[in-house]
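Quick note: residue numbers are just sequence positions, from 1. Every heavy atom of this structure was used, including side-chain atoms; hydrogens, water molecules and symmetry mates were not. This one's a predicted model, so the numbers in the text were calculated from it and none came from an experiment.
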Amino acid sequence: MSRIRVLLVDDDPLVRSGLRLMLEASADLVVVADVGSGEEAVPAIHAHRPDVVLLDYRMGELDGISATREIRRLDPSPRVVLLTTFDMDDLPVRAVRAGADGFLLKTAAPDEITRAVRQAAAGHTPMSPESAGHVVAHVRDDDTGRRRAEAAQRVAALSDRERDVCVHLAGGATTGEVAARLHLSESTVKTHLRAAEAKLDVGSRAELAILVDRAGLLP
C-alpha cells in the first residue's frame with residue numbers, strides 16, 4: 001500500500017511530536033519530515049516530496065498564509081492544510097485565497113485530522129464545520145451581480161472539456177472519479193485541470209470551487 005507522505009510545519013516541537021504520533025498511528029500515513037518555521041517549508045518539500053503539508057498558521061516572520069503562497073509557486077506543489085489554535089471569521093477565506101486546500105482547528109479530534117490528510121491527498125477540501133460556514137457565508141455575502149458576471153466571464157475562457165472537469169471537481173469528485181465519469185484517463189483530467197487553473201488564475205481547488213459556484217455552474 002502506498003502511504004501518504006506528510007510534512008509538518010509548526011514552531012512548537014511538542015505540537016510537531018504530537019501530530020507525528022497521531023498521524024503515524026495510521027498505517028497509510030507517514031511523516032517524512034517536520035520543520036519549525038515557514039521559511040523551512042519549501043526546502044523541506046524539495047528534499048522530501050510530501051503529498052500533504054500540515055502547516056501552522058501562527059509562526060515567525062513567514063506565517064502560514066505567506067508560506068502557503070510560497071508553496072503554491074512550486075510545480076508540482078503538494079496539498080496544503082492549515083492548522084490554527086483559534087478561529088477567526090476571515091482566516092479560512094484568506095487561507096483559500098492563498099491557495100490552501102483545507103483549514104482545521106488544532107482542537108479537532110485526531111480522527112478528524114487524519115481524515116483531513118486523506119481527503120486533501122485525494123483532492124478534496126477538508127475544513128472544520130465552523131471554517132466551512134465562514135467560507136460559505138463569505139461567498140454568499142460577496143456574491144453580487146458584478147462578481148457573478150466576472151466569474152462567468154472568466155469561466156467562459158475554458159474549453160468545454162476543461163469546464164466539465166472543473167464542474168465535477170468543484171462538486172466534490174476526485175480526479176479518478178472525474179476520469180471515470182468523462183471516460184478519460186486520470187492524467188488527461190489533471191492536464192485539463194492545470195490548463196483551467198492557469199486560465200482562471202486560481203491557486204487551489206477550493207478557490208476553483210468558489211469561482212465555479214459563483215459562475216452558476218453547480219447544481
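Taking the side chain as every heavy atom from C-beta outward, V80 and R69 never approach each other to under 4.5 Å. In this structure, the side chains of P78 and L7 stay at 4.5 Å or more apart for every pair of heavy atoms. Contact of the L29 side chain with the R118 side chain is registered, since non-hydrogen atoms from C-beta on lie closer than 4.5 Å. Taking the side chain as every heavy atom from C-beta outward, D51 and R79 never approach each other to under 4.5 Å.
Following chains of ILVMFWY side-chain contacts shorter than 4.5 Å, one cannot reach V32 starting from L21, and the two form parts of different hydrophobic clusters. Under the 4.5 Å side-chain heavy-atom criterion for ILVMFWY residues, no single connected hydrophobic cluster contains both V30 and M22. Both I113 and V15 belong to a common hydrophobic cluster when Ile, Leu, Val, Met, Phe, Trp and Tyr are linked at side-chain heavy-atom distances under 4.5 angstrom.
D111 and T114 form no side-chain donor-acceptor contact under 3.5 Å, judged by distance and modelled atom types alone.
With K106 as the fixed residue, the side-chain contact (heavy atoms from CB on, under 4.5 Å) test singles out one of D12, D10, T84: D10.
Under the 3.5 Å distance criterion, the side-chain polar atoms of E197 are left unmatched by any main-chain donor or acceptor of L208.
In summary, R115 and E112 do not engage in a salt bridge, as defined by a charged side-chain N under 4.0 Å from a carboxylate O.
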| query | What do the steps show when you test L82 against I65 for side-chain contact (heavy atoms from CB on, under 4.5 Å), and what is the final call? | reply | CA-CA 8 Å; L82 257 68; I65 298 292; 3.8 Å; yes
